Amino acid sequence: MADRLRLSAAAVVLVVLTAVVAPLVWPLDEQAVDLAAKLQPPSWAHPFGTDEVGRDLLLRCVHGLRVSLLVGVVAALAATVAGTAVGTLAGALGGWTDRVVMRVVDLFSSVPHLLLGIFVVAMFRPGVWPVVASVAVTHWLSTARIVRAELLSLRTRPYIDAAISGGASRWRVTVRHLLPAVLPQAGLAVVLMIPHAIWHESALSFLGLGLPAHTASLGSMAQAARGTLLAGDWWPTLFPGLFIVVPTLAVAGLAGAWRARLDPRRRSELAL
């Protein structure tokens, strides 16, 4: 577990440094077209090769990674805040409020995530923020369920009964005792949601939705490289795919270590 945590942490640091520092020390135009250099294999001049119009793939992958991390982190935070608020409302108030809120959650859960995400991005002009909204709208449901279940469990604890018997209002009990107890779960939800958000953004980009055509996106790069793969040019597909897979596995590894700390009984399950 310790080796896995160190490896995941090192990979996350490397990914973040690549996305933040590389464009500063390598300020080139990722959209620069050079038809004379199209579909060149990896070399010293172009470590990841070039695409079908001669653009440097390493530079475009780094810019695509920045977009994916921005969407993943912001959407995960927004979805977690919304899910925590909804789950707290249902779990703390209970009764008919709980029933109504959970029926709304069930209604959203009945719609496939990707289909709902496509519907959301279709209502706006192409851009990063419609994609963030799409991912956030489709990923708050699991957090709401987890927070609600945790609060329902906490409400049966003796110290909650003691606080209520002492005259504490429901609002005070929720803010002072219940909500702080679920914050570690909410933090874990953010980390767990980032890989899902990155994959969701890549899927929308692969379908040609959400982001403008000129924006470097890992999903759109993989989609554009399908024809070159059939022709035997493997690098335009391989490297964008790696830039999707490696960050998601690294963040997922950190999330697994965090979950094991919160609940050591699940450590053997996480190791499978």
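Note that the structure is a prediction, hence the values are computed from the model and not measured.
- Listed by chain and number, the residues in a ring pair (Phe, Tyr, Trp, His ring centres under 6.0 Å) with H113 are H139 (sequence neighbours excluded).
- Scanning both residues, A224 and E52, for their nearest heavy atoms gives CB-OE2, 3.9 Å.
- Residues P240 and R60 are not in side-chain contact: their nearest non-hydrogen atoms beyond the backbone lie 4.5 Å or more apart.
- Counting only distance, with no hydrogens or angles, the side chain of T50 and the backbone of Q40 share a donor-acceptor pair below 3.5 Å.
- The hydrophobic clustering, which links ILVMFWY residues whose side-chain heavy atoms are closer than 4.5 Å, places V245 and F239 together.
- Between the side chain of R148 and the main chain of G91, no donor-acceptor pair closer than 3.5 Å is present.
- Rounded to the nearest 0.5 angstrom, I146 CD1 and L192 CG are separated by 7.5 Å.
- The two atoms that bring L65 and P247 nearest to each other are CD1-CG, 3.7 Å, heavy atoms only.
- Taking both residues in full, the closest heavy atoms of A189 and T80 are given as C-OG1, 3.9 Å, listed atom of the first, atom of the second, then distance.
- I118 is listed as a side-chain neighbour of L204, based on a closest heavy-atom distance under 4.5 Å.
- Between atom NE2 of residue H46 and atom CG of residue L59 there is a gap of 10.5 Å, rounded to the nearest 0.5 Å.
- Taking 4.5 Å as the limit, some side-chain heavy atom of L114 sits within range of a side-chain heavy atom of L207.
- Considering every non-hydrogen atom in both V121 and S134, the closest pair reads CG1-CB, 3.5 Å.
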Stepwise side-chain contact (heavy atoms from CB on, under 4.5 Å) test for I198 and V71: CA-CA 7 Å; I198 292 176; V71 172; over 6 Å; no
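- In terms of heavy atoms, M221 sits closest to C61 at CE-SG, 3.7 Å.
- Going from atom CZ of R103 over to atom OG of S109 covers 10.5 Å, rounded to the nearest 0.5 Å.
- Under the 4.5 Å side-chain heavy-atom criterion for grouping Ile, Leu, Val, Met, Phe, Trp and Tyr, L179 is not connected to L152 through any hydrophobic cluster.
- Although no hydrogens or angles enter the test, the distance criterion places no donor-acceptor pair under 3.5 Å between the side chain of T84 and the main chain of V81.
- In the hydrophobic cluster analysis, where Ile, Leu, Val, Met, Phe, Trp and Tyr join through side-chain heavy atoms closer than 4.5 angstrom, V246 is grouped apart from V73.
- Residues F243 and L14 do not share a hydrophobic cluster, clusters being chains of Ile/Leu/Val/Met/Phe/Trp/Tyr side chains in contact below 4.5 Å.
- For the pair D106 and R145, the salt-bridge criterion is met [side-chain N within less than 4.0 Å of a carboxylate O].
- A single hydrophobic cluster is seen to contain both V15 and L57, as judged by linkage of ILVMFWY side chains at heavy-atom distances under 4.5 Å, directly or through other members.
- If you take CE on M102 and CG on L107, they are separated by 12.0 Å, rounding to the nearest 0.5 Å.
- With contacts defined as side-chain heavy-atom distances shorter than 4.5 Å, the pair L238/F48 does not qualify.
- Considering every non-hydrogen atom in both L151 and G87, the closest pair reads CD1-O, 3.8 Å.
- Taking CE from M193 and CG from L188, the interatomic distance works out to 9.5 Å, rounded to the nearest 0.5 Å.
- The distance from the OG1 atom of T138 to the NE2 atom of H196 is 11.0 Å, given to the nearest 0.5 Å.
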